[in-house]
Every structure is written in structure tokens, then in C-alpha cells.
Asker: 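My questions all concern the structure below.
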Amino acid sequence: MLNRRFLLAALGALSLSTAALAHSYKAGEIDIGHPWSRAAPAGVTGAGYLSLTNKGGTPDRLVGARAEIARTVEIHSSAMEGGVMRMRPVEAVEIPPGAEVKLAPGGLHIMLIGLKEPLVKGARVPLTLVFEKAGEVPVELAVEAAGARGGEHQHGS
């Protein structure tokens with residue numbers, strides 16, 4: 001009997017830890033997968049990355065974001081121009097029905113301009129995403145190592 005209880009408790013704990021590692025959120029019909037950032041010192045610009053999947057039948061748009069840790073938060077795109085990586089602000093990120101849009105290094109991302117505090121590996125940083133239709137949703141950026149590519153915490157997301 002004791003072994004059965006222990007086994008059930010262990011399985012329950014395992015499922016909770018898997019859910020925590022998945023690190024996903026939902027805003028209306030938009031699934032928000034694995035928001036993360038790289039470690040960075042205070043005073044510089046950091047970036048946030050995540051995936052957006054529209055499970056609904058109508059388009060939506062990510063129109064903004066807010067974070068207390070940064071002076072300003074903007075959505076940016078990155079593109080190579082003449083051998084130089086250029087970043088430019090974008091008004092919104094379109095999320096068509098049934099589509100997944102990735103905000104990732106070297107592409108679309110959320111700029112955390114003027115960090116008031118450092119982004120420390122292992123920390124979780126509050127960020128509010130603003131969608132045109134789905135509204136506002138608070139998420140947490142999982143801070144990974146400075147050179148991370150985003151795979152460190154993606155178990156199950």
C-alpha cells in the first residue's frame with residue numbers, strides 16, 4: 001500500500017515538473033510557447049523569444065508588450081542587409097489561423113530596451129503580451145545562458 005502511494009505521488013510530481021518545463025501560456029485561441037531570454041547585464045538591451053500558435057479560425061496580432069524590468073519594450077524584426085544584421089521595430093506580428101509564428105534569434109523578437117536590472121540565468125522575468133483580439137496575457141521569460149539558442153528549457157513545449 002505504501003509503495004502504491006509513493007508511486008502515485010512520484011508520478012504526480014513528475015507530471016507537475018513536466019508541466020513547469022513546458023512553460024506555455026494561452027491567450028484566447030493563441031498558444032504561447034516557451035517564452036525565454038538570454039542573460040544580460042543591467043543598462044543594455046535584452047530580447048524575448050517565444051512561439052505563437054493560433055488554434056482558432058480567425059487571425060490575431062501581437063501588437064505590443066510591457067515589462068517592468070525594461071525602460072521600453074518593442075517588437076522588432078531582424079534581417080541581413082549588405083552583410084549587416086539590421087533590427088527594425090514592427091507595428092505588429094500577424095498570427096493567421098492555424099499558423100505558428102516563432103519569435104527567435106535572428107528574426108522577430110521582443111526588445112527589452114534599457115534593462116533596469118540584469119537578466120540572470122535561471123530567473124523568470126514577468127512580461128505582458130498584448131494581442132489585438134486575445135487581449136493581454138502575463139507570461140514569464142525563462143532566462144537562459146548568455147549564448148543560449150532557446151533549446152535549454154524546451155522539454156515538452
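Every value quoted in this text rests on a predicted model; they were computed, and no experiment measured them. These values consider heavy atoms only, across backbone and side chains, with no hydrogens, waters or symmetry-generated copies. Positions are given from 1, in the same order as the sequence printed here.
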Asker: With a 4.5 Å cut-off on side-chain heavy atoms, are Val101 and Leu62 touching?
Answerer: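 The answer is no, as the side chains (C-beta and beyond) never meet within the 4.5 Å cut-off.
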Asker: Just so I know, are the side chains of Pro59 and Pro97 near enough to count as touching, which here means a heavy-atom distance under 4.5 Å?
Answerer: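 Heavy-atom side-chain distance check passes, below 4.5 Å.
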Asker: Side chains of Ile113 and Val73, heavy atoms from C-beta outward: is any pair under 4.5 Å?
Answerer: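 Not in contact.
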Asker: Of the non-hydrogen atoms in Ile75 and Gly64, which two are nearest, and what is the gap between them?
Answerer: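 The pair with the smallest heavy-atom distance is CD1-N, 3.7 Å.
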Asker: Please report the closest heavy-atom contact between Leu127 and Ala65, naming both atoms and the distance.
Answerer: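 So the minimum-distance heavy-atom pair works out to CD1-CB, 4.1 Å.
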Asker: Decide whether Met111 and Val125 are clustered together by the hydrophobic rule: side chain heavy atoms of Ile, Leu, Val, Met, Phe, Trp, Tyr closer than 4.5 Å, transitively.
Answerer: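 No; tracing contacts between hydrophobic side chains, which count when under 4.5 Å, never links both residues.
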Asker: Run the side chain to side chain donor-acceptor pair (under 3.5 Å) test against Glu136 and tell me which residues pass, sequence neighbours left out.
Answerer: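 Only Arg66 meet the side chain to side chain donor-acceptor pair (under 3.5 Å) criterion with Glu136.
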Asker: What heavy-atom pair brings Lys26 and Asp31 nearest, and what distance separates the two atoms?
Answerer: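 In this case the closest contact between Lys26 and Asp31 is NZ-OD1, 3.1 Å.
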Asker: Measuring from atom NZ of Lys55 to atom CG of Leu52, what distance do you get when rounded to the nearest 0.5 angstrom?
Answerer: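 Lys55 atom NZ to Leu52 atom CG measures 12.5 Å (nearest 0.5 Å).
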Asker: Do Ile30 and Ile95 have side chains that get closer than 4.5 Å, going by heavy atoms?
Answerer: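 Sidechains of Ile95 and Ile30: in contact.
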Asker: So Val63 and Phe131, do their side chains get closer than 4.5 Å, heavy atoms only?
Answerer: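 Contact flag for Phe131/Val63 side chains = no.
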Asker: Tell me whether Lys116 at atom NZ has more than 12 heavy atoms from other residues, nucleotides or ligands lying less than 6.0 Å away.
Answerer: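 Atom NZ in Lys116 is packed in, count exceeds 12.
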Asker: Write down the atom of Met87, the atom of Ser78, and the distance for their closest heavy-atom approach.
Answerer: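 Closest approach of Met87 to Ser78, heavy atoms only: CG-OG, 3.4 Å.
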Asker: Would you say the side-chain atoms of Asp60 pair up with the backbone N or O of Ala134, donor to acceptor, closer than 3.5 Å?
Answerer: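 Looks like yes, one N/O pair under 3.5 Å.
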Asker: Val90 and Leu50: same hydrophobic cluster, using ILVMFWY side-chain contacts below 4.5 Å?
Answerer: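 Val90 clusters together with Leu50.
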Asker: Contact between Arg38 and Tyr49 at the side-chain level, heavy atoms closer than 4.5 Å - yes or no?
Answerer: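 Yes, side chains in contact.
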Asker: Determine, using the 4.5 Å side-chain heavy-atom cutoff (strictly less than), whether Val93 and Leu112 are members of one ILVMFWY cluster.
Answerer: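 Per the 4.5 Å side-chain linkage, Val93 and Leu112 are co-clustered.
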Asker: Is a donor on one side and an acceptor on the other found under 3.5 Å between the side chain of His109 and the backbone of Gly107?
Answerer: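 Flag set: sc His109 to bb Gly107 pair under 3.5 Å.
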Asker: Tell me whether Val120 shares a hydrophobic cluster with Leu141, the cluster being built from Ile, Leu, Val, Met, Phe, Trp, Tyr side chains joined at under 4.5 Å.
Answerer: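 No, it is not one cluster - the side chains of Val120 and Leu141 are not joined through contacts under 4.5 Å.
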Asker: Determine yes or no for a side-chain-to-main-chain donor-acceptor pair under 3.5 angstrom, with Ser37 supplying the side chain and Ala47 the backbone.
Answerer: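 Looks like yes, one N/O pair under 3.5 Å.
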Asker: Would Thr128 and Val139 count as a side chain to side chain contact (heavy atoms under 4.5 Å, CB included) here? Give the steps.
Answerer: CA-CA 6 Å; Thr128 300; Val139 301; over 6 Å; no
Asker: Hey, is NZ on Lys133 packed in by over 12 heavy atoms from elsewhere, all under 6.0 Å?
Answerer: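 Counting neighbours around NZ of Lys133, more than 12 heavy atoms of other residues, nucleotides or ligands fall under 6.0 Å, so yes.
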Asker: What residue pairs, at least two apart or across chains, pass side chain to side chain donor-acceptor pair (under 3.5 Å) with a residue in residues 91-101?
Answerer: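 Qualifying pairs, neighbours excluded: Arg61-Glu94.
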Asker: Hey, could you give me the CD1/OG1 distance between Ile32 and Thr53, rounded to the nearest 0.5 Å?
Answerer: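 Here the interatomic distance stands at 9.5 Å.
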Asker: So, Tyr25 side chain and Glu140 main chain: donor-acceptor pair closer than 3.5 Å or not?
Answerer: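 Present.
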Asker: Minimum heavy-atom separation for Asn54 and Gly56, please, with both atom names.
Answerer: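 That would be OD1-N, 2.8 Å.
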Asker: So which heavy atom on Leu115 is nearest to which on Pro41, and how close?
Answerer: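 Looks like CD1-O, 3.7 Å.
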